[in-house]
2 protein chains.
Amino acid sequence: MSTITLADVAARANVSTATVSMVLRNRGRISDETRKRVLSAIDELGYVYNQTAANLRNRSSNQVGLLLHDITNPFYAEMTAGLSQEMERHQLMLFLANSEESVPRQQNFVDSLLQNNASGLVLCTARQTPSLFFETLKRRKIPSIMVVRPVADAHFDFVGTDNFLGTQLATQHLLNLGHRHIAFIGGSIDSTARAQRLGGYTSKLVENSIPVNSAWIVHSEASQSSGAKIAEQLFAAHPEITAALCYQDIVALGVMQALRKLNRQIGRDFALIGFDDITEASLVQPGLTTVSVASREIGRKAGELLYSRIQGNDEPPKRIILPPSLVIRESCGYTA
Amino acid sequence: MSTITLADVAARANVSTATVSMVLRNRGRISDETRKRVLSAIDELGYVYNQTAANLRNRSSNQVGLLLHDITNPFYAEMTAGLSQEMERHQLMLFLANSEESVPRQQNFVDSLLQNNASGLVLCTARQTPSLFFETLKRRKIPSIMVVRPVADAHFDFVGTDNFLGTQLATQHLLNLGHRHIAFIGGSIDSTARAQRLGGYTSKLVENSIPVNSAWIVHSEASQSSGAKIAEQLFAAHPEITAALCYQDIVALGVMQALRKLNRQIGRDFALIGFDDITEASLVQPGLTTVSVASREIGRKAGELLYSRIQGNDEPPKRIILPPSLVIRESCGYTA
DNA sequence: TTGTACGCGTTATCAT
DNA sequence: ATGATAACGCGTACAA
């Protein structure tokens with residue numbers, strides 16, 4: 001069974017391929033009469049449009065790529081859903097890749113996208129991404145939106161959250177509750193986002209004339225177990241700590257484990273705040289107070305912006321920073 | 001800046017386009033001499049391979065589609081990661097779509113894939129999928145692997161878990177602990193998977209001469225809140241129930257809420273088992289005993305099978321059923 | 001190794 | 001006003 005082509009349809013309808021093409025794309029001037037003939041020919045033959053051929057001719061495609069480092073992280077899964085929704089609205093197909101923080105894999109994916117004439121990208125790049133990577137993107141002039149992880153290069157569009165403000169909110173909340181010995185737990189040392197979150201925390205301390213104790217600031221991997229291990233050490237060495245702000249909810253969940261092990265009642269004799277507001281935050285006992293960053297909305301906004309870029313919007317690079325909010329549950333007690 | 005084509009490279013290297021093509025794809029016999037010339041020409045010109053053109057010529061592509069109904073469900077996110085890994089191994093690009101149980105959206109996605117000459121599909125179809133959908137896939141002869149949700153049509157490859165065995169394991173566990181009043185909570189009435197899980201449960205009861213009480217079998221939506229609501233009603237009407245097997249972990253989490261509200265100690269005066277082993281199951285307090293189905297592995301196996309089909313494997317349809325296992329945590333107490 | 005027809009839709013230009 | 005003609009996008013594979 002050989003493929004049915006536009007030419008076959010044209011023959012059947014006694015028109016030229018040009019006419020069929022115009023009917024398919026609603027362009028040019030076609031009489032209702034012939035349009036009907038063409039449409040029924042399409043129907044009778046069971047013609048399937050060949051996007052590949054169109055792409056080749058147009059030197060473009062309806063495909064965009066999404067690069068993440070961990071789709072199993074609920075935060076990114078949620079963001080993906082938002083983006084996917086937006087892509088569908090615009091009839092764009094979404095390629096997905098999971099770099100798992102591997103720079104070569106990330107590079108492979110982007111190379112493939114370029115070879116496929118992808119018309120845009122949404123990227124949450126791996127941590128050690130070399131600047132050459134960004135240079136290549138710029139040189140190829142492919143619309144690229146960076147998300148969540150800030151990139152030094154201001155040339156790119158960015159959609160993310162206000163890390164600084166987020167931890168300011170959280171820190172202020174702890175201060176309002178009377179805490180003065182507040183730890184900051186988690187994040188990897190070379191992360192820009194961490195620097196920003198740390199900044200929100202320290203700035204609030206300073207603003208309230210509370211000394212910043214660097215021994216209470218520790219980093220960890222983005223996992224529950226790592227958070228637990230780090231926290232245990234920290235609390236053993238510094239029993240004076242009464243509250244902690246975590247870089248991520250995942251880490252906070254680990255800290256919870258540590259606190260339980262040390263027999264400290266979360267919400268009573270210890271206050272804990274996370275960041276991200278992943279689903280789990282509302283499921284644990286007690287519910288985790290956390291900074292919510294509207295992950296789904298980040299996906300949507302990124303999609304919106306990408307689409308406008310693909311349409312030719314050439315305004316200077318944008319930075320869309322979605323305001324975070326503090327979701328108060330039970331992990332800091334009930335006093336507001 | 002006009003695109004650099006294969007022809008440009010050929011001109012620069014003083015060879016034919018055929019030669020360049022062969023060098024790029026390591027085919028035919030090319031002398032080391034010319035190969036070097038071609039490679040350096042590619043390098044100098046910064047040539048980028050045009051996959052689109054190749055796809056058109058080959059009437060194929062290196063693209064496969066993954067259709068899910070909810071990427072934010074951790075179970076599917078995990079599966080996606082497994083599939084993504086496998087696709088990358090074979091240099092296949094993965095299209096992702098989130099149907100959110102919408103049949104038209106699902107259809108759109110598959111239509112787009114067909115128009116893009118996708119070489120294969122992995123599908124977890126929406127619940128109300130009409131049989132016409134499957135007919136189309138068969139007619140187009142595109143390799144398609146169904147996952148997780150069993151499909152009536154035995155014509156398709158399937159990768160999933162043994163629902164029946166899973167609930168048998170769980171039910172036996174509860175029986176061993178002495179429970180005789182065991183409820184089955186969750187799943188939607190028209191789900192095949194639910195029928196299978198229900199079968200495992202009832203078969204074990206019958207095997208142990210325990211009457212099946214249909215009043216203890218209730219269904220619910222796949223959400224925590226729905227699970228909680230349903231469970232509350234059930235336990236109020238039937239206080240004699242001392243244990244429950246849930247269709248999904250998500251539902252089990254809701255049931256936990258209900259139990260707390262009713263002041264019943266999970267793991268002490270009530271035993272609860274879930275299904276899926278999502279990450280949350282190990283995070284809640286007490287940890288949820290559940291049937292683990294190796295979601296990541298389902299993704300990998302599906303990818304492996306799909307790849308072999310794309311390569312031309314035309315053995316009869318396969319059903320790969322991964323054995324589930326019971327992960328014992330604390331929600332049934334500590335007695336084994 | 002090379003020449004070249006081919007895969008299939010698009011669009012600018014031309015014809016009626 | 002409508003529609004046809006034909007060159008074009010770029011890599012592939014077969015005959016020479």
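So that the names make sense, note that chain A is the first sequence line, chain B the second, and so on, each numbered from 1. Just so it is clear, the values below take in all heavy atoms, side chains as well, and ignore hydrogens, waters and symmetry mates.
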Name the nucleic acid region contacted by B/Thr52, choosing base, sugar-phosphate or nothing; use a 4.0 angstrom heavy-atom cut-off, strictly under. nothing
Euclidean distance, atom CD1 of residue A/Ile30 to atom P of D/dA4 [Å, nearest integer]: 8 Å
Please check if the side chain of B/Asp8 supplies one atom and the backbone of B/Thr5 the other of a donor-acceptor pair under 3.5 Å. yes
Are the charged groups of B/Arg300 and B/Glu304 less than 4.0 angstrom apart, N to O? no
Please classify the nucleic acid contact of B/Val15 as base, sugar-phosphate, or nothing, using heavy-atom distances under 4.0 Å. sugar-phosphate
Does anything in residues 37-46 of chain B come within less than 4.0 Å of DNA chain C? Heavy atoms only, and list the residues if so. none
Less than 6.0 angstrom separating the ring centers of B/Tyr76 and B/His69, yes or no? yes
Distance in angstrom units between A/Asn117 CG and C/dG9 P, rounded: 18 Å
Map B/Arg35 and A/Arg29 onto DNA chain C by nearest heavy atom, then report which one ends up closer to the 5' terminus. B/Arg35
So does B/Glu33 pair up with B/Arg37, basic N to acidic O under 4.0 Å? yes
Apply side-chain hydrogen bond (donor to acceptor under 3.5 Å, both in side chains) to A/Asn108 and list each qualifying residue two or more places apart in sequence or on a separate chain. none
Heavy-atom contacts, protein to nucleotides 9-16 of chain D, under 4.0 Å, summarised as B (base), S (sugar-phosphate only) or - (none) per nt, yield BBBBB---
Is the shortest side-chain N to carboxylate O distance from B/Arg319 to B/Asp157 below 4.0 Å? no
For A/Glu33 and D/dA1, what is the distance between atoms CD and P respectively, to the nearest whole Å? 19 Å
Rounded to the nearest 0.5 Å, what separates atom CZ in B/Phe75 from atom OG1 in A/Thr72? 14.0 Å
Nearest whole Å is fine: how far is C/dT1 P from B/Lys36 NZ? 13 Å
So, does B/Glu101 use its side chain to make a donor-acceptor pair with the main chain of B/Arg127 at under 3.5 Å? yes
